[in-house]
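This report refers to the structure that appears directly beneath it.
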There are 2 protein chains.
Amino acid sequence: MHTLSEENYLKCIYRLWQDRGEKITPTAIAEWLGNNPASVVDMIRKLTDKQLIIYDKKKGVELTPQGQKDATLIVRRHRLWEVFLLEKLGYHWDEIHDIAEDLEHIKDATLADRLDKFLGFPEYDPHGDPIPKANGKMAKRHSITLADVKPGTHCRVAAVKDTTSAFLQYLQKLSISIGTKIQLVEKIQFDGSLVISIGGGERTTVSQKFGENILIDM
Amino acid sequence: MHTLSEENYLKCIYRLWQDRGEKITPTAIAEWLGNNPASVVDMIRKLTDKQLIIYDKKKGVELTPQGQKDATLIVRRHRLWEVFLLEKLGYHWDEIHDIAEDLEHIKDATLADRLDKFLGFPEYDPHGDPIPKANGKMAKRHSITLADVKPGTHCRVAAVKDTTSAFLQYLQKLSISIGTKIQLVEKIQFDGSLVISIGGGERTTVSQKFGENILIDM
DNA sequence: AAATAAAATTAGGCAAGACTAATTTTATTT
DNA sequence: AAATAAAATTAGTCTTGCCTAATTTTATTT
Ligand SMILES: [Mn+2]
Ligand SMILES: [Mn+2]
Ligand SMILES: [Mn+2]
Ligand SMILES: [Mn+2]
């Protein structure tokens, strides 16, 4: 089995791989985890020895099939716990991520599957991310962001990329949650700011960074 | 906050203190945790620095009020998670202890209280142990064991002391669980073995050690 | 092509939490 | 009271997972 740190690195690599198709470098991992690149190099060696990743200076870090599978199961646990915390314990969506960050490391052969069943086999977590099934399969992630669409487009918030409470609380203040209808009214040329109409109501201006963290349906 | 190891030591000291009123020595702690006495001495120093225990060569290890409070809250979390695993996820009573051993260390200000509420404020865990309340108060522990009573006595299984799956599976095989009525028929002089009648049915002989791990009501 | 900047790696170190082996202290026998 | 046994403590070591500082490699400018 894997240590807590190994699991966090695995999940980070998985995340970076899903997100951008870009090359996964030690620096990128270090930035994401808030660690020093030297530490990342240490861990790359460990995960390579365990045959969970392959590191090639040209291609960057890649997950092996085993690494992929293991990472997926950690993500599965994380998202199932998030659903539990929100639906059963009544937490708000900006509070659950950090707790799930610890719960995801609880290791027991049948725990995730029992939790899944108890929760009624949810498809998506409270941030709109698809929950991997026991076999590792999962629904496609939404990939188009609010910042990608043409002005005038009407769309629906399908998921959020950023799950920090800073972002989620801002969304709450704007009355935006999963399912909210948004129209992109205008893109400001100068800095990419977006003028949007939330739920057919008042217009608000948000930053480009904001738009890039909202995944949408149409 | 405390590290995982600190918490496990705290809980161990609390346990030894509740159990026997005996002096809590480094060796006793080492044995309970399966660690080396030298390691225990290290940790005694850390917990002393943190003012969670007081160590006196004569009196052994004692919890300070703060140490007691912290230990109680860990026990609270452990027992609440055990109820959750059994009642909500359908685990058997011999499977839950080890998982709760990890879950008890998840730290979040409101998690235990929310879980408590979600479970309907249970008084006892699946092994019959009382669950401490948020304020640290808890029902009195049962203290009389099956090995303590006089032959002829009719009693009710209130709790089990040992929570290893070896013991719990043995109980299951004998159809004994919390609430089962047992009559102590005879005590064998030679080695303290107990002849008992389970649920008014067939007679079985069990060891003294067995009897000492069954806590009873009358 | 050189110069410069950025990224990756190595070397060395630190804290936590465990260990073993050696020593000292305390308790129990004789 | 000595001798012996047991318990406690110290000293030194190891692994994990992180760090900083120095160096080397790779990429980007000029
Ligand atoms: Mn994590
Ligand atoms: Mn999520
Ligand atoms: Mn534990
Ligand atoms: Mn229990």
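Naming convention: chains lettered A, B, ... in sequence-line order (proteins, then strands); numbering from 1 in each chain. A quick note: this is a predicted structure, and the numbers were derived from the prediction, not measured.
- A salt bridge links B/K107 and B/E7; the closest N-O separation between the charged side-chain nitrogens and carboxylate oxygens is under 4.0 Å.
- B/E6 and B/K50 are joined by a salt bridge, as a carboxylate oxygen and a charged side-chain nitrogen come within less than 4.0 angstrom of each other.
- Regarding A/K59, its NZ atom lies at a distance of 22 Å from the P atom of C/dA7, rounded to whole Å.
- Rounded to whole Å, atom P of D/dT9 lies 11 Å from atom CD1 of B/I29.
- Defined by atom type and a distance below 3.5 Å, a donor-acceptor pair is present between the side-chain atoms of B/N8 and B/H105.
- Residues A/F84 and B/F84 bring their aromatic ring centres within 6.0 Å.
- When base pairs are accepted only as Watson-Crick or G-U wobble with both N-N or N-O distances under 3.5 Å, DNA chain D takes part in stems of 3 or more pairs at C:1-30 with D:1-30.
- Distance CD (A/E31) to P (C/dA6): 13 Å, rounded to an integer number of Å.
- If you take CZ of A/R45 and P of D/dG17, they are 14 Å apart, rounded to a whole angstrom.
- Residue B/E22 contributes atom CD, which lies 13 Å from atom P of D/dA7 at whole-angstrom precision.
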Indicate for each nucleotide in nucleotides 13-29 of chain C, in 5' to 3' sequence, whether protein heavy atoms under 4.0 Å reach the base (B), only the sugar-phosphate (S), or nothing (-).
---SSBBB-----S---

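- A donor-acceptor contact under 3.5 angstrom links the side chains of A/H97 and A/H78, judged on distance only.
- A salt bridge links B/K11 with B/E104: the closest approach of a Lys/Arg side-chain nitrogen to an acidic carboxylate oxygen falls below 4.0 angstrom.
- Salt bridge status for A/D113 with A/R76: present, with a side-chain N to carboxylate O gap under 4.0 Å.
- For the pair A/F167 and A/T164, the minimum side-chain heavy-atom distance is below 4.5 Å.
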